[in-house]
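Here is the structure we will look at, set down as structure tokens.
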Amino acid sequence: MTDLPAATQRKMGLVIDLDTCVGCHACVVACKGWNTEGYGAPLSDQNPYGANASGTFLNRVHSYEVTPETGSAQLVHFPKSCLHCEDAPCVTVCPTGASYKRTEDGIVLVDESSCIGCGLCAWACPYGAREMDKAAGVMKKCTLCVDRIYNEHIPQEDRVPACVRTCPAGARHFGDLGDPDSDVSQLVAERGGMDLMPEMGTKPVNKYLPPRPRDEEPVMDVLGPLLEPVADTPDGLLGWLDRQLSKL
Amino acid sequence: MHPAPSVIVFTTLSGLGFGLLTFLALGLPALDGWAAFWGYGAGFALAIGGLVSSTFHLGHPERALLAFTQWRTSWLSREAWAAVAALTVTGLHAIGPVFLGARFALLGGLGAALCVITVFTTSMIYASIRAVPRWHQPATPPLYLALSLAGGALLAGQAGAAAVLLAAAGAVQLWAWRAGDAAFARAGTTIGSATGLGGRGAVRAFEPPHTGDNYLLREMVFVVGRRHARKLRAIAFAAMIAGPLVLLALSGGALWASWLGAAVHAGGVAVQRWLFFAEAEHVVGLYYGRRVA
């Protein structure tokens, strides 16, 4: 049923570090690579080598420019995927029961065999986390790599979502955000992890770690004095030019 | 939001159909025999035609029956039940006037109530979507109800009721546009809250995730045509409210004016529904820097 569970035993989710993310899109590629051949229908592309390439992705990396009132602008790379919300509006709107939130770990999934492809869940999600696959006609979304994290046929270190496993910058963390003692919960507490669009009332499980404050911009470099021009008045050809021009 | 033709046709036709069935089930007018046959037939054709049209935008229409299962949380599922209940009860009620020359008032009253409930559930599909602030406002359900009943009154030739309902629908429409224009700002969602970076300075979308388009942009970040929104609002209002009212007034409430008014009204409602989608901004557009002020 599309009733949301009153509480889930665990709240599995991601913590994404906006300070560390370098915007390399490796998580996007790893996600597409794993999920196009794993759980459910493949993530199709339309016209992939043509002029108007388009396709289904469960994870996309945006980039934003933040300009503070003082100081220089900063570029923030921003990976975005399903936040596995506690009050997931995408689940309750589903007319068929294809969308559901698991009681045992809080993962929001789509049973593709009962999805009618009405698209209402994608409308209900404020984050744009759900995409209708054009080829399969069913809704696709992040599964938190449910077919990796409990998979006893792969080595222990691979039992994390593909995006987390591949991130070369260590900007993605996976764990139980319902357990205050877990590594991810400690990280969120330490770094002031935040919710996206808290005003939408979705109570997202995934958290984002804000960029760390920047160092003070230097007033003067320690080597600065050594680089200052020695002579104020040029000599030689430039000096002659300067004198002639001043006479005009 | 992308104004899909199938959904515009669906809400326009089924709104009119259920509006007409509401009046017929109440015995306004009390038709008999062939007149009742054609009257009810038109109501069913519009309502069912609209419902069938709505299945055209499904990825898997063959699984549509599953949409009856989640009535506890989903307004779309509730709409499915309400529509079937309304069509069944008004269908049973129609047997009386069409074949038996009899009228079962209690059954008719129940059918009329179910028709109104069906239109209400349709409106709640949109009104319940918090991520689209223009829809998520109190005016959305009364707007759908008023337009459905006004169109039904016109088709049923109830000039007096039509005039009152058209005036009411006009007032609700003006309220809906006014509140809708302010809804996005009132929801308080900005690119700052969407990224969580708003407290650090001015946030600007620097680079989209991909150079091509995607489902989200096609479905939720529809911007074409908002440019002409003002003109289209005037056209929609003139056709769905003012035109039929003028026709009724000039003709003294004649049946031909009511029917001509219904046709003009339907065209206006179709334009209004196009705007209902095209003007509605989904908050996901913020991630793409596509907020149109």
Side-chain angles (χ1 to χ4, degrees), chain A residues 1-4 18 25 28 52-57 60-69 73-76 78 80 89 91-98 114-120 122-128 131-132 134 136-139 194-201 208 210-211, chain B residues 1 55 57-64 66-80 125 128-132 187-189 191 193-216 218-220 282-289:
Chain A
M1 275 302 234
T2 47
D3 284 335
L4 286 167
L18 298 179
H25 290 239
V28 178
N52 300 306
S54 176
T56 310
F57 285 81
R60 294 180 186 265
V61 179
H62 297 248
S63 296
Y64 297 99
E65 177 195 72
V66 186
T67 312
E69 279 188 21
Q74 192 179 359
L75 192 59
V76 179
F78 192 93
K80 183 163 64 65
V91 170
T92 49
V93 298
C94 177
T96 69
S114 42
C115 174
I116 56 172
C118 68
L120 193 53
W123 288 6
C125 171
Y127 307 106
E131 299 189 15
M132 180 103 74
K134 217 169 182 175
V138 294
M139 197 54 72
M194 55 195 185
D195 290 347
L196 305 185
M197 292 187 190
E199 69 281 356
M200 281 283 144
Y208 282 76
Chain B
M1 305 296 287
T55 63
H57 85 286
L58 298 180
H60 283 276
E62 76 280 6
R63 301 174 186 158
L66 285 168
F68 286 92
T69 60
Q70 304 302 314
W71 49 271
R72 289 198 301 182
T73 64
S74 169
W75 282 103
L76 183 49
S77 190
R78 288 170 194 165
E79 183 200 39
I125 293 172
S128 66
I129 305 287
R130 197 168 178 173
V132 184
T189 302
I191 193 169
S193 76
T195 59
L197 300 169
R200 317 173 72 80
V203 183
R204 187 174 73 93
F206 182 80
E207 201 174 38
H210 292 86
T211 50
D213 75 343
N214 63 44
Y215 169 75
L216 301 171
R218 289 190 297 268
E219 181 74 9
M220 255 90 74
H282 195 287
V283 293
V284 77
L286 293 168
Y287 286 110
Y288 290 86

Under 4.5 Å from a heavy atom of chain B, the part of A:Tyr208 involved = neither
For chain A, the option from B:Asp213, B:Thr211, B:Val203, B:Asn214 that forms the most heavy-atom pairs under 4.5 Å | B:Asn214
Contact class of A:Val61 relative to chain B, heavy atoms under 4.5 angstrom | backbone
Contact origin within B:Leu197 toward chain A - heavy atom pairs under 4.5 Å = both
What option among A:Pro95, A:Ser63, A:Ser54 has the most heavy-atom pairs under 4.5 Å with chain B?
-> A:Pro95
So what's closer than 4.5 Å to chain A heavy atoms on B:Ala194: side chain, backbone, both or neither?
-> both
Among B:Phe206, B:Trp75, B:Tyr215, B:Phe68, which has the most heavy-atom pairs under 4.5 Å with chain A?
-> B:Tyr215
Just give me the residue among B:Thr55, B:Val132, B:Thr195 that pairs up with chain A most often, heavy atom to heavy atom, under 4.5 Å.
-> B:Thr195
Go through the atoms of A:Ala53 and report whether side chain, backbone, both or neither lie under 4.5 Å from a heavy atom of chain B.
-> backbone
Can you tell me if B:His60 uses its side chain to pair, donor with acceptor, with the backbone of A:Ala136 under 3.5 Å?
-> yes
Among A:Leu18, A:Ile116, A:Asp195, single out the residue with the greatest number of heavy-atom pairs under 4.5 Å to chain B.
-> A:Ile116
Chain B: which of A:Cys118, A:Pro211, A:Gly119, A:Pro210 shares the most heavy-atom pairs with it under 4.5 Å?
-> A:Pro211
Using a cut-off of under 4.5 Å on heavy-atom pairs, state which of B:Val284, B:Ile125, B:Thr189 scores highest against chain A.
-> B:Thr189
Counting heavy-atom pairs under 4.5 Å with chain B, the top scorer among A:Met194, A:Glu131, A:Gln74 is A:Glu131
Between B:Arg218 and chain A, which part of the residue has a heavy atom less than 4.5 Å away: side chain, backbone, both or neither?
-> side chain
Determine the option with the most heavy-atom pairs under 4.5 angstrom with chain B, choosing from A:Gly201, A:Pro89, A:Ala98, A:Cys115.
-> A:Cys115
Whatever's closer than 4.5 Å to a heavy atom in chain B on A:Cys94 counts as backbone
Could you tell me which of B:Arg78, B:Glu62, B:His57, B:Arg204 has the largest number of non-hydrogen atom pairs under 4.5 Å with chain A?
-> B:Arg204
So which part of A:Met132 gets closer than 4.5 Å to some heavy atom of chain B, the side chain, the backbone, both or neither?
-> both
Which class fits the ring pair A:His62 and B:Tyr287: parallel under 30°, tilted 30 to 60°, perpendicular over 60°?
-> tilted
Parallel, tilted or perpendicular: rings of B:His210 and A:Phe57 (30°, 60°) = tilted
Looking at A:Thr56, A:Val28, A:Asn52, A:Leu75, which has the largest count of heavy-atom pairs under 4.5 Å with chain B?
-> A:Leu75
Region of B:Ile129 that comes under 4.5 Å of a non-hydrogen atom in chain A = side chain
Could you please spell out the steps behind the side chain to side chain contact (heavy atoms under 4.5 Å, CB included) verdict for A:Trp123 and A:Val93?
-> CA-CA 9 Å; A:Trp123 288 6; A:Val93 298; over 6 Å; no
